[in-house]
Amino acid sequence: MAAQVVLLASGAEVDRFRQMGADDPQSLFGVEVTTFPRWIEGLWARYGDGRAIVGRVQRRMLLTRLVRERREAVLADGLACARQRGATSGSAEDDAASGGRLADAAAIGDPPSGDIAWSPGFVRFADRVLQVAAGLPALEDLVARGGASASGSDWPDNQGLIVDLLRQYAAELRGAGLVEGGEAAQWLAVNAPCAFPAGLRVRHAGGTPLTWHEQAFFERLPHVRLQVDPLQGADVLAPVRAGVRLSFAFPAGAYARPALLAQTIERLAPDHDVVVACADPVGLFEALAPGLQRPCFAQGARPYRRTSFGGALIALHEAIAKPGLSDAERLVLLCDVLRSPFAGLSQKAARSVEQQVRGDRLTRFDDVLAEVRAASELFSQLEEVATQPGADVLLGVFEDRARRMTGRGGHWVADELAAIAATRQTCYAAYQGACTVEDCIGTLREATVSVARSAGEGLTAPTVRIMGRTAAACLPPSAVHTVIACGFEQASLPLGGADDAVTLFLERCGLTSPDDPLAAQRRMVQGLEAAARCNLVVERLLRDESADEAYPAAVFEELVDAYRDDPTNVDELRNEHRLPACLDQRAFDRGEDLLVENECRGPRLEAVALANSCEREPDDPLHAAAVSQLRAVGRLDGGLIPSPSALEAYVECPRKWLITRGFRTDGLDEGFGPAERGTFAHRVLELLYSRLAERGVPRIVPAGVDEAASLLREAAAEVEAEQAALKPGSRLAARTLFERKEVHGLVESMVRHLPDEAALLPRFRPLHLEYQISRESPVSYAGGLLAGRIDRIDVDDQGNAVVIDYKSSVSDEHSVGFWRAHQTGKVQALVYARAVERALGLNVVGSLYVRAVKAAGPVVAGALDPRFAGPADLPGSKADAVMCDMEGPLSFRGLVDEVEQRVAYALECLRAGDVAPRPSWSGVCASCPLSSCPRREN
Ligand code: SF4
């Protein structure tokens with residue numbers, strides 16, 4: 001039968017069919033070769049009822065609006081009910097609480113608990129149903145009967161709501177003068193007999209099964225002579241045809257894939273064209289093209305949100321209009337927008353705003369927004385597009401800007417123009433469907449744009465084309481020398497999905513899938529094999545991104561089984577690649593161990609790499625850079641030496657000092673961590689003791705704990721109130737309710753510590769709080785000059801003093817007992833002991849680390865001369881570990897002398913640029929970020 005119309009499953013198959021018929025032009029003369037949807041579109045234009053067939057974007061927009069309106073209605077109902085209960089119950093508290101909860105929910109777009117959450121998932125669900133089943137009698141009947149809202153409804157879970165949504169969608173569609181393509185097909189079959197004269201010959205070619213729409217359509221037209229090509233893919237795969245060589249590529253993981261593909265291409269087709277078929281052509285192009293010395297092309301899709309324009313537009317809309325976000329969250333989004341070339345700020349200006357925002361936790365979003373608006377007209381225009389209906393007239397401004405930015409490459413410009421075009425198309429659909437900007441952004445968030453890539457233009461070598469698997473399978477027979485089919489893992493080619501929610505819903509409508517996923521995959525493999533002239537390479541990863549074994553796809557195993565003598569004999573596959581002997585010689589593999597190292601990014605890791613280079617490559621220029629950096633950081637500025645805490649870090653391990661302090665790898669963000677909590681606690685304690693002194697109370701005693709507690713809470717409230725006005729870096733800036741609760745918890749923990757404080761060193765009293773040895777009047781120490789601040793100095797009536805350093809936690813390493821066992825330990829408080837002697841002329845008899853908050857573990861650690869205090873004076877401590885010997889190297893004086901000598905030696909090493917990894921004890925390595933250090937001791 002010579003067909004008048006030939007129907008194929010996709011545009012790519014249509015192209016192949018036409019190319020195959022090109023040798024005999026007569027065979028296609030007068031034949032319409034097309035897909036079913038395109039055929040219907042053409043017929044509808046001539047015989048339809050005047051409505052336009054709805055496009056994909058229009059459908060998504062309409063559904064997005066309907067779902068949003070339902071979500072808003074649920075929230076409004078909840079609020080109304082709460083108010084009504086308030087009017088009738090009389091329980092003002094309960095009703096205020098429930099009303100408040102609902103208002104909170106409304107603010108963030110969530111429904112009150114128990115009500116349906118009308119999420120974007122409903123849009124995706126309804127969209128899929130309409131794509132495959134719109135207009136089919138089975139679905140139309142169900143929709144006509146109604147869903148959850150119909151009386152006697154027995155729909156499970158959310159399916160009834162979907163039916164109601166589809167019902168409303170159908171009414172809206174008709175009201176807008178639109179029709180679904182599937183519905184148009186059924187309408188034509190019933191109402192346009194002149195479009196299908198008796199005896200019309202239609203061939204369904206390509207070996208794919210009829211879709212539901214096609215089945216229902218041709219059932220209504222029994223007089224049309226339909227010829228369906230035999231179904232392909234029903235039988236298991238056979239060995240590839242003679243003349244084509246089958247090989248395999250096994251990268252150990254995704255990192256090894258590009259290098260192995262490049263090697264395979266050069267090995268099998270050094271002088272021939274290659275097609276690489278994969279799931280993500282553009283992603284693979286970006287990884288593979290730089291390693292190829294030949295022209296390379298790719299065509300595929302990119303998520304709209306990953307283009308510069310799309311990403312900026314979505315982030316700006318969320319920053320300004322998304323309900324329920326904190327200022328901090330809005331600012332993060334805004335900083336992302338400012339880095340975009342479509343914000344109109346220079347990179348320097350964008351970085352400066354980001355530094356300002358991250359360095360000050362209390363920055364207000366509205367203030368920054370106003371600043372940026374004033375600085376950039378382009379930003380204001382982008383804001384209009386992101387928030388105001390009708391502002392799409394400004395899109396031309398961004399097209400002009402994209403076109404002018406040729407320095408970013410032709411592909412970048414093309415991607416951005418495609419993204420702007422998608423925005424314009426969505427805005428147009430919004431006008432037609434009475435949708436809001438929020439609906440537009442919701443649709444664009446899930447949109448993709450078509451993109452193309454090319455590299456190596458001008459090279460004369462044969463080409464490498466990277467394309468989707470389905471498109472590659474539609475290439476004409478023997479079109480290319482070598483085809484590499486990628487991603488034959490189970491995760492990439494799943495057979496599941498038959499029990500997903502949409503499938504179950506359609507089955508309830510009586511619609512079971514006309515195609516079998518395995519058969520479709522077999523057709524794909526057969527198409528790829530047919531396209532190959534000499535080589536077919538099948539590639540699969542051995543491990544997934546979690547380094548777990550990646551299982552082969554069913555079609556991979558079928559293809560391998562086709563070469564086995566006995567597929568039930570497992571011994572045939574007992575080899576490295578699990579291939580029969582006849583195929584094992586044709587397998588290529590590659591590990592990914594070397595490639596992982598290249599993934600190191602970020603300032604801390606760069607610092608680590610730099611520091612490692614100091615040892616590995618003494619002649620490396622990086623070594624000189626590192627040494628010059630550390631000299632700059634540790635220079636003896638006018639004779640001043642580093643602070644006691646920095647000296648302690650260097651004494652513990654020079655390399656760790658370089659990493660954690662020398663390179664200043666702290667982030668830009670103002671913190672809310674232990675350091676800031678410590679600053680806050682110090683200030684509270686300083687205020688507490690000065691208030692006690694004003695009342696004539698020299699120290700806290702057991703009977704005065706309650707009074708001290710109340711003074712401490714007052715002091716904390718005062719300190720908390722002054723935080724916002726302090727400079728970032730010297731404050732604890734709480735910005736959320738949760739953080740304010742954390743501050744409250746810290747204060748109460750300090751209150752619970754007060755009984756220990758009352759029992760500590762009862763014969764001593766705090767005399768100096770936050771005592772400053774200024775840089776202008778430093779003390780001599782270890783051959784240099786030392787400045788610094790000492791948390792507290794307690795003094796007894798005879799002028800004996802104990803230096804106290806507050807810590808958030810203390811451990812054995814802080815005590816003399818540790819020195820006794822290891823001949824080393826923490827030095828900071830012992831440095832302060834000598835400094836206080838020289839600054840104030842006091843007889844220092846102890847240096848203690850005190851935890852000023854209640855928590856598990858010891859309260860006190862350090863070193864104390866036993867002649868001036870005993871274990872009873874040290875609550876919550878391992879007193880034996882704190883007590884020094886009466887004399888000798890581990891007497892308090894002996895220890896202070898020893899530490900000064902060690903610091904003097906350390907300063908010599910520092911001046912010489914010594915940054916060797918040299919841990920004083922193994923515990924130092926436990927908190928060191930240098931994971932690859934060869935001297936690591938744990
Ligand atoms: S791992 Fe240990 S030895 Fe190496 S730098 Fe860190 S602290 Fe020093």
Side-chain angles (χ1 to χ4, degrees), residues 593 596-635 641-667 673-675 782 805 807-831 849 861 898-899 901-938:
D593 18 347
V596 173
E597 265 190 12
N598 297 334
E599 286 303 296
C600 292
R601 294 282 185 275
R604 181 167 285 268
L605 287 167
E606 278 159 23
V608 168
L610 187 58
N612 276 335
S613 76
C614 299
E615 184 169 78
R616 284 205 215 123
E617 306 280 353
D619 297 330
D620 192 311
L622 285 177
H623 176 260
V627 170
S628 124
Q629 172 79 354
L630 78 89
R631 281 190 180 133
V633 173
R635 74 177 179 272
I641 61 176
S643 70
S645 65
L647 287 172
E648 180 173 88
Y650 187 85
V651 168
E652 284 181 5
C653 176
R655 177 63 56 86
K656 183 178 174 184
W657 170 85
L658 178 68
I659 295 300
T660 56
R661 289 175 176 258
F663 284 124
R664 311 289 307 167
T665 53
D666 316 337
D805 193 42
K807 291 281 177 209
S808 54
S809 68
V810 297
S811 64
D812 291 347
E813 294 158 2
H814 290 97
S815 289
V816 67
F818 193 83
W819 280 85
R820 206 169 270 130
H822 302 275
Q823 291 75 54
T824 187
K826 295 280 183 187
V827 302
Q828 186 179 350
L830 293 162
V831 173
Y849 299 92
E898 170 67 21
V899 166
Q901 283 171 26
R902 289 199 187 192
V903 170
Y905 175 71
L907 287 169
E908 275 176 37
C909 296
L910 186 59
R911 288 188 194 100
D914 177 0
V915 287
R918 200 167 51 238
S920 294
W921 67 91
S922 60
V924 174
C925 299
S927 59
C928 178
L930 201 56
S931 56
S932 60
C933 175
R935 291 286 310 277
R936 179 167 276 281
E937 288 197 11
N938 61 353

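Quick note: numbers below take in every heavy atom, side chains included, and nothing from hydrogens, waters or symmetry partners. Position 1 is the first residue of the sequence, and the numbers go up from there. For ligands, and for the atoms within them, numbers begin at 1 and follow the listed sequence. Please read these numbers as outputs of a predicted model, since none were measured by experiment.
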Colleague: For ligand 1, indicate whether the residue Cys925 contacts it via side chain, backbone, both or neither (heavy-atom separation under 4.0 Å).
Modeller: both

Colleague: Using a 4.0 Å cut-off to any heavy atom of Arg655, which atoms of ligand 1 qualify?
Modeller: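 Contacts of ligand 1 toward Arg655, numbered from 1: 5 (S).
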
Colleague: Which pair of non-hydrogen atoms, one from Trp921 and one from Glu652, has the smallest distance, and what is that distance?
Modeller: CH2-OE2, 3.6 Å

Colleague: Please identify which atoms of ligand 1 are closer than 4.0 Å to at least one heavy atom of Leu930.
Modeller: 5 (S)

Colleague: Identify the heavy atoms of Ser809 and His814 that sit nearest to each other, and give their distance.
Modeller: O-CE1, 4.2 Å

Colleague: Does the pair Lys656 and Leu930 meet the rule for a side chain to side chain contact (heavy atoms under 4.5 Å, CB included), with working shown?
Modeller: CA-CA 8 Å; Lys656 183 178 174 184; Leu930 201 56; over 6 Å; no

Colleague: Short list, please: which atoms of ligand 1 are under 4.0 Å from a heavy atom of Arg935?
Modeller: 3 (S)

Colleague: When you measure from the side chain of Ser643 to the backbone of Ala646, do you find a donor-acceptor pair of N or O atoms at a distance under 3.5 Å?
Modeller: yes

Colleague: Atom 6 (Fe) of ligand 1 to Cys928: any N/O/S contact under 2.8 Å?
Modeller: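 Yes, Cys928 qualifies, because one of its backbone or side-chain N, O or S atoms lies under 2.8 Å.
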
Colleague: Any idea which atoms of ligand 1 are less than 4.0 Å away from a heavy-atom of Pro917?
Modeller: 3 (S), 4 (Fe)

Colleague: Show which atoms of ligand 1 fall inside a sub-4.0 Å distance from at least one heavy-atom site of Cys933.
Modeller: 1 (S), 3 (S), 4 (Fe), 5 (S)

Colleague: Is any side-chain heavy atom of Leu647 closer than 4.5 Å to a side-chain heavy atom of Trp657?
Modeller: no

Colleague: Got the closest protein heavy atom to atom 3 (S) of ligand 1, with its distance?
Modeller: Pro919 CD, 3.4 Å

Colleague: Within the 4.0 Å heavy-atom shell around Cys653, which atoms of ligand 1 are there?
Modeller: 3 (S), 5 (S), 7 (S), 8 (Fe)

Colleague: Starting at CZ of Arg918, measure out to SG of Cys909 and round the result to the nearest 0.5 Å.
Modeller: 5.0 Å

Colleague: Return the minimal non-hydrogen interatomic distance between Gln823 and Arg902, and the atom names on each side.
Modeller: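 Nearest heavy atoms, Gln823 then Arg902: O-NH2, 2.7 Å.
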
